[in-house]
Amino acid sequence: MSRPTLTTLLVANRGEIACRVMRTAKALGLTTVAVHSAIDRDARHTREADIRIDLGGSKASESYLVIDKLLAAAKASGAQAIHPGYGFLSENAGFARAIEDAGLIFLGPPASAIDAMGSKSAAKALMEAAGVPLVPGYHDEAQDLETFRAAAEQIGYPVLLKASAGGGGKGMKVVEDESQLADALASAQREAQSSFGDARMLVEKYVLKPRHVEIQVFADQHGNCLYLNERDCSIQRRHQKVVEEAPAPGLSAELRQAMGEAAVRAAQAIGYVGAGTVEFLLDARGEFFFMEMNTRLQVEHPVTEAITGLDLVAWQIRVACGEPLPITQAQVPLHGHAIEVRLYAEDPANDFLPATGTLALYRESAPGEGRRVDSGVSEADEVSPFYDPMLGKLIAWGENREQARLRLLAMLDEFAIGGLKTNIAFLRRILAHPAFAAAELDTGFIPRHHAVLLPAPQPLPVAFWEAAAEAWLQGQAPYQREDDRHSPWAACDGLRLGLPARSSLHLLSGGERRAVALERSAASTWRLDGEQLGHDNNGMRQRYLAVRRGGTLFLRWDGEMHAITAFDPIAEAEAGHSHQGGLGAPMNGSIVRVLVEPGQVVEAGTALVVLEAMKMEHSIRAPQGGTVKALFCHEGEMVSEGTVLVELAE
């Protein structure tokens, strides 16, 4: 079947990757088509598309993962090609075949290549045959506990359980000893089934202090294949990448070439076409081991674009249309250094629990040379519990690594998000850490520097509450009543006859409450100018961003945006407290397992309920020993953040 001329492209994804793909497609003159679930009807990617089509449903399994709906959307919109983005069906061979059978262009590799690399077990066997070094492990078909126990014993603990059909840290567990194996395997299998529809697992040796270095490969339909340098993705949390950079610091030209050529051999061995990434573990001795091949565009592809000056999505489109690669291996550029961080809606201080809700405030860093933001949200958008909580990516390029690092720190300082928790301050602490500045990188970076990167929460200082009160008072309307501005009782100036003006406020921020009393005078050292709160202190002037959204003030303090509201202590006291002894849902999600029953006696730390949100499982555990007094949830139920799930009596 001959391929049609490409004029219209459908992106079978959402969020920042859909926006990013459509940006290049529009630059090439293509009409763009967005698909969306019911809950994503007004999401940013749908607003930026030329055409949008409603797939219905809320969960991915009801929308973005339904192949028939996607093909029907392509037909209805007149799209001749489909870009899968990453995640969802991007590495699903059945999806690639269905697109090809429908006479459409798939902006990805052939289905046979996805089959070959889609199963980590099969990929390991292929690489072993090709002479690529492998980490010791078990990759066969038997999936029972005893098989994994025997394999782990032979490999030697610690071991790493991984989903055969997935990536992104989903269905991945580190097992330190045999006593943890059964529970870890069961949990990993559930996560794998939920995320990929495939519960099969593999197990391999957990290499200590490895670096995660990956090679970007690209192949055309004419037998040409090359590598576009490498990326270091060693800064990870729970096997998910947090910071990525290119090129990998400290890599010699010889090692880069050896890894690049090995990656090209891997791609050619399976008849690869398009963009792909071959991932390696690199140890301190310079030995590298094949981990997996991702048969799609990666989240971190912008750092490769930054150091090469190439548009990888444009390459994908042209290669899919039959054009040859425009350059040879010898012509691949490598200019400067680029670093990327992933911006998530999550709470680092609360075990990185995903955050859901409304982006009451959302401002990106200013554009400029060497600065790039790939995001999928705008102010007032909703972050739902049904999808990955990544909001976007910040990418900085510099002539050298230090320039890129400082530029990215400045971008983080300019970003302002309010309404839900994010990892901005956590990212800033990573980039500012002396070990990161010195490029002392490996996958244990975050655990090793945990105390600095994730410091224990501290009470907000007195200076913060003073700044908050000043911003609150100076930003409010000057009159309580507009009908009689000449009355001293209508003004909000804290007037006291014969005494300095004084205002009292009861403020709430981050669970802390504080009564603040301010005496007003013409000589105040605080001035609110628009959204900038200035403070003069012994000749030094400091400025803080202070943004009002309805009844909430967002104040930037020590690199974080704090939400501040006023409260009435008398009304709160009268309202009293409910659900004492109740354990609530830490986020919106779905109950996947209820592990206890009323009347059961439990010890401190016992898992009571397992909640699934953002494709990850989270256990609700007993904070102390006691008796389960009541259950307020059942398996399969959707619950909202704060909903009481279990009542525990001491």
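Numbering of residues begins at 1 and proceeds along the displayed sequence. In this text the structure is predicted, and so the values were computed from the model without any measurement.
Looking at Arg52, its side chain does come within 3.5 Å of a backbone N or O of Arg41 through a donor-acceptor pair. At least one donor-acceptor pair under 3.5 Å links the side chain of Asn400 to the backbone N or O of Gln403. With Ser63 contributing its side chain and Gly57 its backbone, the two residues share no donor-acceptor pair below 3.5 Å. Formation of a donor-acceptor pair under 3.5 Å by the Ser640 side chain with backbone atoms of Asn588 is not found in this model. Put simply, the side chain of Lys393 gets close to the backbone of Val299: a donor and an acceptor are under 3.5 Å apart. Side-chain atoms of His301 come within 3.5 Å of backbone N or O of Gln298 as a donor-acceptor pair.
With respect to the salt-bridge test (charged N to carboxylate O, under 4.0 angstrom), the residues Arg23 and Asp374 qualify. For the pair Glu300 and Arg342, the salt-bridge criterion is met [side-chain N within less than 4.0 Å of a carboxylate O]. With respect to Asp381 and Arg47, a salt bridge is recorded, a charged nitrogen being found less than 4.0 Å from a carboxylate O. Contact check on Arg549 versus Glu379 returns a salt bridge, with a Lys/Arg side-chain nitrogen under 4.0 Å from an Asp/Glu carboxylate oxygen.
Taking a 6.0 Å sphere around NZ of Lys26, one finds it holds more than 12 heavy atoms contributed by other residues, nucleotides or ligands. The 12-atom threshold is not exceeded at CG of Asp529, counting heavy atoms of other residues, nucleotides or ligands nearer than 6.0 Å. Residue Lys421 places its NZ atom among 12 or fewer non-hydrogen atoms of other residues, nucleotides or ligands, all under 6.0 Å distant. Sparse packing is recorded around CD of Glu369, with 12 or fewer heavy atoms of other residues, nucleotides or ligands lying under 6.0 Å away.
Atom CZ of Arg548 is separated from atom CD of Glu531 by 12.0 Å, given to the nearest 0.5 angstrom. Atoms CG and CD, on Leu553 and Gln476 in that order, are 11.0 Å from each other to the nearest 0.5 Å. To the nearest 0.5 angstrom, Ser37 atom OG is 7.0 Å from Arg14 atom CZ. We find the CD-CG distance between Glu346 and Asn423 to be 4.5 Å, quoted to the nearest 0.5 Å. The line from CG of Leu431 to CG of Leu412 is 6.0 Å long, rounded to the nearest 0.5 Å. Put simply, CG on Leu505 and CG on Leu518 are 6.5 Å apart, with the number rounded to the nearest 0.5 Å.
Remark: Arg238 is not positioned above the aromatic ring of Phe352, lacking an NZ or CZ atom under 6.0 angstrom from the ring centre and at most 45 degrees off the axis. Judged by the 6.0 Å distance and 45° axis criteria, Arg401 is positioned over the aromatic ring of Phe436.
Smallest separation of non-hydrogen atoms from Ala471 and Leu533: CB-CD2, 4.0 Å. Pairing each heavy atom of Ser365 with each of Glu414, the nearest pair is CB-OE1, 3.5 Å. Considering every non-hydrogen atom in both Ile620 and Pro586, the closest pair reads CD1-CD, 3.4 Å. Shortest non-hydrogen contact noted between Leu420 and Ala345 is CD1-CB, 3.9 Å. Closest heavy-atom contact between Gly15 and His45: N-ND1, 3.8 Å. The minimum heavy-atom distance linking Phe567 with Leu507 is given by the pair CE2-O, 3.3 Å.
Residues Asp413 and Arg428 are in side-chain contact: their nearest non-hydrogen atoms beyond the backbone lie under 4.5 Å apart. Contact of the Trp472 side chain with the Leu555 side chain is not registered, since no non-hydrogen atoms from C-beta on lie closer than 4.5 Å. When side chains are defined from C-beta on, Arg371 does not count as touching Glu364, because their heavy atoms never get closer than 4.5 Å. Residues Met638 and Phe386 have side chains in contact (heavy-atom distance under 4.5 Å, counting atoms from C-beta outward). Taking 4.5 Å as the limit, some side-chain heavy atom of Ile591 sits within range of a side-chain heavy atom of Leu611. Between Ser375 and Arg44, the closest side-chain pair of non-hydrogen atoms falls below 4.5 Å. The shortest distance between side-chain heavy atoms of Asn13 and Val21 does not fall below 4.5 Å. Counting heavy atoms from C-beta on, the side chains of Leu508 and Arg513 come closer than 4.5 Å.
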side-chain contact (heavy atoms from CB on, under 4.5 Å) for Glu305 and Asp311? Distances and angles first, verdict last.
CA-CA 6 Å; Glu305 293 182 324; Asp311 186 327; 3.7 Å; yes
If you apply the rule side-chain contact (heavy atoms from CB on, under 4.5 Å), what do you find for Met561 with Arg363, and how did you get there?
CA-CA 12 Å; Met561 294 298 293; Arg363 290 186 186 171; over 6 Å; no
Would you check, one step at a time, whether the test side-chain contact (heavy atoms from CB on, under 4.5 Å) holds for Ser619 with Arg621?
CA-CA 6 Å; Ser619 294; Arg621 298 181 181 275; 4.0 Å; yes
Given the rule in the side-chain contact (heavy atoms from CB on, under 4.5 Å) test, do Glu635 and Val594 qualify, once you have shown the distances and angles that lead to the verdict?
CA-CA 6 Å; Glu635 293 184 2; Val594 177; 3.9 Å; yes
Is there a salt bridge (charged side-chain N to carboxylate O under 4.0 Å, His left out) between Glu440 and Arg448? Walk through the geometry before answering.
CA-CA 11 Å; Glu440 297 171 2; Arg448 185 164 58 253; over 6 Å; no
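Checking Trp465, Phe464, Trp557 one by one against His562, the ring pair (Phe, Tyr, Trp, His ring centres under 6.0 Å) holds for a single residue, Phe464. A side-chain contact (heavy atoms from CB on, under 4.5 Å) with Asp232 is found for one member of Val243, Leu441, Ile339 and no other, namely Leu441.
The aromatic rings of Tyr64 and Phe88 sit parallel to each other, their planes meeting at less than 30°, with 60° as the upper class boundary. Between Trp526 and His535, the two ring planes are parallel [angle under 30°; tilted spans 30° to 60°].
Residues Thr32 and Asp50 have side chains that bring a donor and an acceptor to within less than 3.5 angstrom of each other. Side-chain atoms of Ser509 and Arg514 include no donor-acceptor pair closer than 3.5 Å.
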